A.B. asks: 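Next up is a structure, given as structure tokens.
As the structure is a prediction and not an experimental result, all values here were calculated from the model.
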Amino acid sequence: MDQELDYQELSGTVETVIFKNEENGYTVLRLRNDSGETVTVVGCFPFAAPGESMILSGEWMTHNVHGRQFKAEFSQRFLPSTAPAIYQFLAGGSVKGVGPAMASLIVDRFGERTLDVILNNPQELTGIRGISSAKAQQFSKSFRQQAGLRMLMEFGCSFGLRPVLALRAYKYYGDKALEALRENPYLLCSSLVGGSFREADEMAMGLGVGENSKNRIAAAILFELVHNTGNGHCFIPREKLAAVTAELIGVQASEADACIGEMIEDLRLRYEEIAGVRACYLPELYEAETNAAECFARMSRREYREKFNTEKLLERLEVQQGIRYAPMQRQTLELALKNQLLVITGGPGTGKTTSIRAILAMFDALGLKTLLCAPTGRAAKRMTELTGREAATVHRMLGAKFDEEGNRVVFTKDEEERLDCDAVILDECSMVDIQLMDALLRALPPDARLVLVGDADQLPSVGPGNVFSALLRSQVVAAVRLTEIFRQNEGSRIIRNAHMINRGEHPDFSENAGDFFRLKRMQGGSSVETITELFAVRLPGKMRIPPEEIQVLSPTRKGETGTVNLNRRLQAALNPPAPDKKEKPFGDLIFREGDRVMQVRNNYDILWRNAGNTETGAGIYNGDMGILRRIDPENEILTIDFDGRLANYGFDALTELEHAWAITVHKAQGSEYRAVILALGGSSQLLMTRSVLYTAVTRAKELLILVGDDQTAHQMIDNFRQSRRYTALRVRLRRLCGV
């Protein structure tokens with residue numbers, strides 16, 4: 001709200017609506033201001049229509065195509081009061097079913113009373129030929145919806161509420177939204193509306209809600225639980241939850257604890273004492289963790305007794321694949337043959353891919369229908385390339401989509417409609433959080449086999465839980481840890497150094513040879529210059545590695561060697577402005593045709609098509625990378641090419657995209673690149689850890705160049721800090737298995 005003091009004010013009457021997005025209210029319109037000048041305005045104005053008046057707060061900006069326009073952040077809107085303005089309002093389609101001809105008849109009959117009649121006395125409309133009682137009620141319902149939303153937006157505007165939040169609140173609560181928010185402003189920060197706790201708290205304080213209000217304390221408790229899912233936690237111990245809530249909103253811990261008790265009673269929270277910890281869960285996470293534990297426990301007890309000679313089957317597979325399995329790989333195949341659930345872990349070069357191929361061939365020999373999947377699009381693509389069989393993302397395989405309200409993700413594949421398969425092999429399993437794993441388990445046929453493959457020493461999932469590690473540490477599921485580096489990989493310094501890093505040893509970074517190089521740079525500025533030159537000039541020119549096969553990684557977004565600054569510099573070097581390249585400024589960024597971009601949140605509704613229009617689908621996921629092929633300023637659309645899938649983004653959806661010449665190590669999980677340039681500069685100790693460095697190094701297939709200071713790398717290796725995640729999957733699994 002402080003920034004609002006710097007906003008300018010603009011008032012006038014809407015002349016025409018140029019563009020509107022029905023989903024989020026984003027609108028472009030022409031406004032005749034009080035001086036008689038017609039200007040372009042952009043902002044969130046649901047149901048905007050010619051004839052209405054507006055008082056706007058915002059700022060002037062210059063669009064590179066459309067020129068000068070006013071970007072409105074807050075608005076007060078007033079319905080037209082004169083007969084000509086009311087006609088203009090109705091003729092513009094503001095009331096569903098009323099066009100210019102019908103608008104003329106209605107306004108001729110009721111004049112300045114028209115809007116009051118439609119809203120409060122629709123039966124009077126039946127006196128006009130062609131308007132039945134049902135149609136009159138339909139007009140009234142349409143207009144009432146607008147009026148309710150307008151009142152809600154005006155109410156929210158007085159508290160600095162973002163218009164899109166009013167739109168979401170109305171979408172869920174309908175005509176009762178204003179009453180509901182007055183009674184409990186903290187509904188704003190529910191998952192249904194999506195506001196922040198700060199926004200809801202500011203409104204509540206403005207409405208005179210007391211600091212010790214139960215609604216306020218309950219909202220703060222839920223905020224803390226939701227916030228901490230981003231730190232990987234499935235639950236928070238009750239004592240800690242009460243303490244952090246009290247600190248957040250300035251109440252006594254005893255008051256917070258009492259509210260926690262009430263929320264447990266009415267099932268807004270789930271509670272269980274497990275392993276001596278009084279755990280408080282969000283209901284959906286409790287259900288996910290308990291169900292996953294039960295499924296894993298049941299699968300861990302299931303063994304198959306095949307009626308054939310195992311040794312002969314393995315010998316036949318060796319002949320088919322032209323390979324001699326190492327003892328550990330033979331053990332892996334035997335376990336996959338016998339057990340319904342198998343977990344395989346190993347570092348780079350230890351044969352995980354060979355094991356996947358062999359298990360797939362073995363399942364084929366058994367006549368099993370096997371599905372291959374991975375958490376990200378790039379990991380699935382790599383799995384397809386390595387196996388020669390189609391692999392999908394877990395989300396796509398399960399048919400992920402938003403529910404009808406658009407508030408949460410649901411899957412078309414579940415207990416009611418299970419996957420059509422006899423086995424599933426999931427790669428890069430360390431990236432899978434507890435909710436996605438639970439969704440997969442619910443969709444898996446009861447007798448189907450499940451093989452989980454990954455590297456337990458890489459970074460854990462971004463979402464809550466630590467599923468892969470918990471399964472391995474439980475010691476109750478069939479598991480294999482591959483440790484032998486195979487002969488063909490022994491010469492790779494990437495692989496050798498990765499294993500040294502993982503053991504806590506310091507490689508000799510000055511040994512610049514083979515596929516691992518270190519360019520020592522003591523200052524962030526010189527590191528950035530070197531990285532830019534490597535990417536734009538030296539690797540393409542001297543080593544014949546095209547830019548599209550090079551990826552810069554950094555542990556952090558911030559600072560000189562963070563991804564934000566690196567992307568700015570790399571864009572200038574690799575995709576500079578040109579007369580034939582259209583651009584779209586967005587906040588501090590400029591999106592330009594030819595840019596490399598990344599989707600930064602799961603969006604299950606984005607439609608895509610392939611270049612030949614022979615295949616279509618929906619869903620672009622967090623971590624998917626593509627090239628910005630086209631900017632259409634007239635229709636305000638960007639077209640992104642995600643590995644042959646073309647998806648259109650409205651300008652209002654650009655918050656979902658970032659530049660991606662440089663990405664964080666966390667975002668690179670599950671992907672491999674021909675060449676990786678790793679930027680090492682100063683950052684938070686939470687990010688400068690051994691697992692981050694190990695994960696970064698193992699993303700490179702043929703070449704890794706570390707740019708920075710040896711000391712920084714050594715400090716990361718020595719920082720074996722593994723943040724504790726509050727999750728009880730391992731404990732539950734052992735308990736269910738009687739251990």
Side-chain angles (χ1 to χ4, degrees), residues 288-310 313-314 317 328-346 352 355-375 383 387 389 391 394 397-398 413-415 417-430 432 434 436-454 456 465 467-482 729-730 732-739:
E289 188 178 88
T290 54
N291 182 69
E294 290 167 3
C295 290
F296 283 136
R298 185 185 67 251
M299 295 175 75
S300 70
R301 294 189 289 266
R302 174 74 181 272
E303 290 190 359
Y304 300 93
R305 289 175 173 80
E306 304 293 352
K307 298 177 182 178
F308 51 78
N309 188 308
T310 301
L313 174 61
L314 297 184
L317 292 175
M328 188 65 74
Q329 289 176 322
R330 291 182 72 86
Q331 179 190 346
T332 301
L333 288 169
E334 290 170 0
L335 288 171
L337 194 63
K338 185 175 71 172
N339 294 278
Q340 185 178 15
L341 173 65
L342 176 63
V343 180
I344 304 170
T345 185
K352 293 194 300 296
S355 296
I356 290 174
R357 287 198 197 105
I359 291 171
L360 182 58
M362 184 175 69
F363 286 173
D364 286 346
L366 294 174
L368 302 179
K369 181 178 180 180
T370 305
L371 299 179
L372 304 181
C373 60
M383 198 178 188
T387 63
R389 292 272 287 273
V394 182
M397 183 178 73
L398 297 179
K413 298 296 182 182
D414 54 19
E415 301 99 325
E417 185 185 341
R418 297 185 186 268
L419 294 166
D420 179 19
C421 66
D422 303 300
V424 169
I425 302 176
L426 168 60
D427 198 10
E428 297 291 351
C429 186
S430 63
V432 178
I434 188 65
L436 186 57
M437 181 60 75
D438 175 55
L440 173 58
L441 292 170
R442 290 177 186 273
L444 199 67
D447 294 330
R449 303 168 191 251
L450 179 61
V451 179
L452 305 176
V453 186
V467 177
F468 195 61
S469 175
L471 289 171
L472 288 165
R473 291 185 296 112
S474 73
Q475 298 184 322
V476 296
V477 302
V480 177
R481 184 178 286 272
L482 303 173
L729 179 62
R730 181 181 68 88
R732 293 183 190 282
L733 187 51
R734 287 178 63 83
R735 187 173 65 186
L736 288 166
C737 291
V739 179

A.B. asks: State, to 0.1 Å, how close A297 and L736 come at their nearest heavy-atom pair, and which atoms those are.
C.D. replies: CB-CB, 3.7 Å
A.B. asks: Please determine which of D422, D364, D420 meets the salt bridge (charged side-chain N to carboxylate O under 4.0 Å, His left out) test together with K369.
C.D. replies: D420
A.B. asks: Where the side chain of T345 meets the backbone of A456, is there a donor-acceptor pair that is under 3.5 Å apart?
C.D. replies: yes
A.B. asks: Could you measure the distance from the CD1 atom of I344 to the CG atom of L482? Nearest 0.5 Å is fine.
C.D. replies: 6.5 Å
A.B. asks: How many angstroms lie between CG in L371 and CG in L450, if you round to the nearest 0.5 Å?
C.D. replies: 11.0 Å
A.B. asks: If we ignore hydrogens and angles and just use 3.5 Å, is the side chain of R449 paired with the main-chain N or O of T370 as donor and acceptor?
C.D. replies: no
A.B. asks: Under 3.5 Å, side chain of K352 to main-chain N/O of G346, donor-acceptor pair present?
C.D. replies: yes
A.B. asks: Do R302 and N339 have side chains that approach each other closer than 4.5 Å (heavy atoms only, starting at C-beta)?
C.D. replies: no
A.B. asks: Between L398 and L419, is there a side-chain heavy-atom distance shorter than 4.5 Å?
C.D. replies: yes
A.B. asks: Apply side chain to side chain contact (heavy atoms under 4.5 Å, CB included) to T332 and L342, showing your working.
C.D. replies: CA-CA 9 Å; T332 301; L342 176 63; 4.1 Å; yes
A.B. asks: Step through the shown structure and confirm whether more than 12 heavy atoms of other residues, nucleotides or ligands are within 6.0 Å of NZ on K338.
C.D. replies: no
A.B. asks: With rounding to the nearest 0.5 Å, note down the distance linking OG1 in T387 to CD1 in I356.
C.D. replies: 8.0 Å
A.B. asks: Work out which heavy atom in M397 is nearest to a heavy atom in C373; give both atom names and the distance.
C.D. replies: CE-SG, 3.7 Å
A.B. asks: Should L366 and Y304 be marked as a side chain to side chain contact (heavy atoms under 4.5 Å, CB included) after you check the CA-CA gap, both sets of side-chain angles, and the distance that decides it?
C.D. replies: CA-CA 12 Å; L366 294 174; Y304 300 93; over 6 Å; no
A.B. asks: Quick one: are F296 and V476 in side-chain contact, heavy atoms under 4.5 Å?
C.D. replies: no
A.B. asks: Is the shortest side-chain heavy-atom distance between V343 and F468 below 4.5 Å?
C.D. replies: yes
A.B. asks: Do you know which two heavy atoms are closest between A448 and C421, and how far apart they sit?
C.D. replies: CB-O, 4.2 Å
A.B. asks: For L317 and A358, work out which heavy atoms get closest and say how close.
C.D. replies: CD1-O, 4.3 Å
A.B. asks: How close do A479 and L472 get, counting heavy atoms only, and between which atoms?
C.D. replies: CB-CD2, 3.9 Å
A.B. asks: Any side-chain heavy atom of L441 within less than 4.5 Å of one from E294?
C.D. replies: no
A.B. asks: Does any non-hydrogen side-chain atom of M437 lie less than 4.5 Å from one of L426?
C.D. replies: yes
A.B. asks: Hey, could you give me the CG/CG distance between L313 and L333, rounded to the nearest 0.5 Å?
C.D. replies: 8.5 Å
A.B. asks: Apply side chain to side chain contact (heavy atoms under 4.5 Å, CB included) to L341 and L452, showing your working.
C.D. replies: CA-CA 8 Å; L341 173 65; L452 305 176; 4.2 Å; yes
A.B. asks: Atom CD1 of I425 and atom CG of L360: how far apart are they, to the nearest 0.5 Å?
C.D. replies: 5.0 Å
A.B. asks: Under a 4.5 Å cut-off applied to non-hydrogen side-chain atoms, are M328 and S355 in contact?
C.D. replies: no
A.B. asks: Has the side chain of R734 got a donor or acceptor atom that lies under 3.5 Å from a matching backbone atom of V739?
C.D. replies: no
A.B. asks: So, taking the atom named OG in S469 and the one named CZ in R730, what distance separates them when rounded to the nearest 0.5 Å?
C.D. replies: 9.0 Å
A.B. asks: Heavy atoms, side chains only, cut-off 4.5 Å: are P446 and R298 in contact?
C.D. replies: no
